[in-house]
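We count ligands from 1, going down the list as the structure has it; atoms in each ligand are counted the same way.
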Amino acid sequence: MQNNTIKETKYFTAESVANAARILLDGGLVVFPTETVYGLGADARNDNACRDVYTAKHRPEDNPLIVHLYSTEQLDECVSELPEAAQILFDRFSPGPLTIVLPKSGLISSVATAGLPTVGIRIPSHPVARRFLEAVRIPVAGPSANMSGRSSTTSFSTAVSNMKGHVDGIIDGGDCTVGLESTILGFEKGKIKILRPGAITYEMIVDLLGEDAVIQPTGYEKRPEKPEAPGMKYAHYQPQAPVYLMSEVDPELLETRFPNGVVGYMGLADPSPVAERIHVRTFPDLTAYARNLYSTFHEFDALGCSAIIAEVPPRTGLGVALMDRLDKSSDGRML
Ligand code: TXA
Ligand code: MG
């Protein structure tokens with residue numbers, strides 16, 4: 001059912017997840033925290049509930065939802081095939097920030113998978129997500145809890161500001177610790193393909209399964225190098241202000257390129273001293289940069305920044321995932 005009316009949104013905590021679970025089991029929409037980003041949950045078996053997810057976030061109907069489980073014991077009912085490598089990956093990295101695309105079973109709504117014969121399965125590790133998934137004990141469809149094309153939400157307050165009125169409930173789980181969406185893996189000709197980089201890195205997967213089992217991602221570089229400006233057009237992960245990438249931090253360029261107005265700079269290197277109207281947020285390492293990416297986007301938007309400049313991270317390990325999000329949110333704009 002297309003339903004654009006404003007919903008009365010109720011708020012829940014770790015202690016009241018049972019009430020949120022009831023809403024979900026009744027076909028409602030519940031935003032829940034995970035270690036990556038907040039998710040917009042619906043009963044993955046229920047066509048109408050899944051349709052409501054697309055409506056709530058204005059998501060194109062051909063963009064499938066991933067499905068969250070409490071435990072690997074639910075895999076049997078959700079997928080029709082489980083390659084050995086998938087089992088090994090789940091055993092090693094789940095619960096955690098990993099999604100694996102597998103042939104779906106009849107239990108999963110084809111609305112959830114946008115008509116695809118496959119479903120992305122993820123078992124999150126966030127303690128509140130686990131309480132919620134344990135309470136419902138059903139597969140929960142859950143895209144990131146943001147309007148389509150916009151930045152994901154990594155805190156309860158941004159989840160509320162983005163989704164209030166669009167969903168029936170929001171569970172407070174505090175700030176997300178990873179801050180970037182899960183690694184998504186698929187299979188291509190028997191090999192593992194990284195469909196979306198995340199905190200479970202290419203290196204970690206190769207360590208577990210060997211180099212031959214994994215297709216090397218094209219964007220991957222063994223040593224950090226100056227990235228080329230990506231030519232592809234994206235509309236993803238975007239804050240309100242346009243994002244620009246800066247590969248070498250240059251305070252003079254910041255000031256001359258943006259001579260007026262409030263702008264935000266984020267990265268590992270500190271460009272200070274710069275004019276006061278340039279807000280600077282630096283992070284001690286890649287983990288902190290990734291964790292704070294979306295919350296800093298939201299913060300800069302709230303400050304009324306007319307542009308956001310982000311330092312290009314080294315493209316290894318978690319830097320690959322961070323760069324993927326920066327590429328897309330900047331549309332490839334380089335300074
Ligand atoms: O960390 C995460 O993965 C978060 C949290 C909430 O779990 N979820 C998330 O969902 O990022 P979403 O919908 O924002 O991103 C999932 C991506 C989409 O780009 C979608 O196209 C892709 O996964 N996807 C879903 N099902 C797929 C499938 N069967 N085959 C290929 N790609 C799929
Ligand atoms: Mg998303």
Side-chain angles (χ1 to χ4, degrees), residues 24 29-42 44 50 53-54 56-70 78-81 86 93-105 108-126 128-130 132-133 139-155 158-159 162-163 167 170-171 173 176-188 192-200 234-239 290-291 293-294 297 318 321 324-325 328-329:
L24 192 98
L29 302 183
V30 176
V31 169
F32 62 103
T34 83
E35 69 279 18
T36 57
V37 300
Y38 274 71
L40 201 183
C50 291
V53 172
Y54 292 85
K57 60 176 283 173
H58 301 151
R59 184 175 178 106
E61 278 170 21
D62 60 356
N63 191 2
L65 315 177
I66 64 166
V67 167
H68 300 74
L69 305 181
Y70 174 66
C78 297
V79 306
S80 61
E81 229 183 283
F93 297 120
S94 286
L98 176 72
T99 299
I100 307 182
V101 174
L102 296 163
K104 83 186 259 299
S105 74
I108 304 296
S109 159
S110 54
V111 177
T113 63
L116 291 179
T118 53
V119 59
I121 300 281
R122 165 155 142 74
I123 303 170
S125 62
H126 190 296
V128 179
R130 300 204 55 66
F132 179 57
L133 292 168
V140 175
S144 50
N146 52 273
M147 287 300 150
S148 189
R150 293 299 183 184
S151 303
S152 300
T153 51
T154 53
S155 70
T158 47
N162 285 352
M163 301 315 299
V167 296
I170 303 179
I171 307 173
C176 304
T177 51
V178 176
L180 298 181
E181 304 79 359
S182 62
T183 303
I184 302 183
L185 303 180
F187 286 90
E188 200 176 277
I192 290 158
K193 183 168 187 189
I194 300 180
L195 303 176
R196 179 176 71 186
I200 305 300
Y234 300 101
H236 258 315
Y237 313 116
Q238 293 182 342
R291 183 187 303 135
L293 176 77
Y294 293 128
F297 278 173
L318 188 58
D324 171 73
R325 306 314 188 270
K328 289 172 181 159
S329 52

Identify the closest protein heavy atom to [atom]: which residue and atom is it, and at what distance?
atom	value
atom 23 (O) of ligand 1	Ile184 CD1, 3.1 Å
atom 16 (C) of ligand 1	Arg196 NH1, 3.6 Å
atom 9 (C) of ligand 1	Ser144 N, 3.7 Å

Item to complete: Give a yes/no on ligand 1: does Thr113 have at least one heavy atom closer than 4.0 angstrom to it?
Response: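 No, Thr113 has no heavy atom closer than 4.0 Å to ligand 1.
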Closest candidate by heavy atom, reference [atom], pool [options]:
atom	options	value
atom 18 (C) of ligand 1	Lys104, Arg59, Glu181	Arg59
atom 31 (C) of ligand 1	Thr36, Val101, Leu185	Val101
atom 26 (N) of ligand 1	Gly39, Pro60, Pro64, Gly198	Pro64
atom 21 (O) of ligand 1	Asn63, Thr183, Ile121, Val37	Asn63

Practice prompt. May I ask you to check whether Asn146 brings an N, O or S atom to under 2.8 Å from the Mg ion (ligand 2)?
Written response: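 Checking the Mg ion (ligand 2) against Asn146, no N, O or S atom falls under 2.8 Å.
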Practice prompt. Could you tell me whether some N/O pair between Ser182 and ligand 1 is separated by less than 3.5 angstrom?
Written response: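 Among all N and O atoms of Ser182, at least one is under 3.5 Å from an N or O of ligand 1.
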Would you give the length of the straight line joining atom [atom1] of [X] to atom [atom2] of [Y], rounded to the nearest 0.5 angstrom?
X	Y	atom1	atom2	result
Phe187	Leu195	CZ	CG	10.5 Å
Leu102	Cys78	CG	SG	10.5 Å
Arg59	Ser144	CZ	OG	6.5 Å

Practice prompt. May I ask you to decide if Ala129's main-chain N or O and Tyr70's side chain share a donor-acceptor pair within less than 3.5 Å?
Written response: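 Not confirmed, Tyr70 side chain does not pair with Ala129 backbone.
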Fill in: Test side chain to side chain contact (heavy atoms under 4.5 Å, CB included) applied to Met163 and Met147, step by step
CA-CA 8 Å; Met163 301 315 299; Met147 287 300 150; 4.3 Å; yes
Item to complete: Could you go through the side chain to side chain donor-acceptor pair (under 3.5 Å) check for Arg196 and Ser182 one step at a time?
Response: CA-CA 8 Å; Arg196 179 176 71 186; Ser182 62; 3.2 Å; yes
Worksheet item: Does any donor atom in the side chain of Thr113 or Ser110 lie under 3.5 Å from an acceptor atom in the other side chain?
Response: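 Side-chain D/A pair, Thr113 to Ser110: absent.
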Worksheet item: Between Glu181 and Ser152, do the side chains contain an N or O donor and an N or O acceptor separated by less than 3.5 Å?
Response: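 Yes, side-chain donor-acceptor contact under 3.5 Å.
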Hey, which atoms in ligand 1 end up nearer than 4.0 Å to a heavy atom of [X]?
X	answer
Thr118	28 (C), 29 (N), 30 (N)
Gly142	6 (C), 8 (N), 10 (O)
Ile66	3 (O), 7 (O), 8 (N), 16 (C), 23 (O), 25 (C)
His68	5 (C), 6 (C), 7 (O)
Leu116	28 (C), 29 (N), 30 (N)
Pro143	10 (O), 12 (P), 13 (O)

Worksheet item: If you measure from the Lys or Arg side-chain nitrogens to the Asp or Glu carboxylate oxygens, is any gap between Arg122 and Glu35 under 4.0 Å?
Response: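 Looking at Glu35 together with Arg122, the answer is yes, because their closest N to O distance falls below 4.0 Å.
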Practice prompt. If the plane angle is over 60° it's perpendicular, under 30° parallel, otherwise tilted; pick one for His68 and Phe32.
Written response: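 Correct class here is perpendicular.
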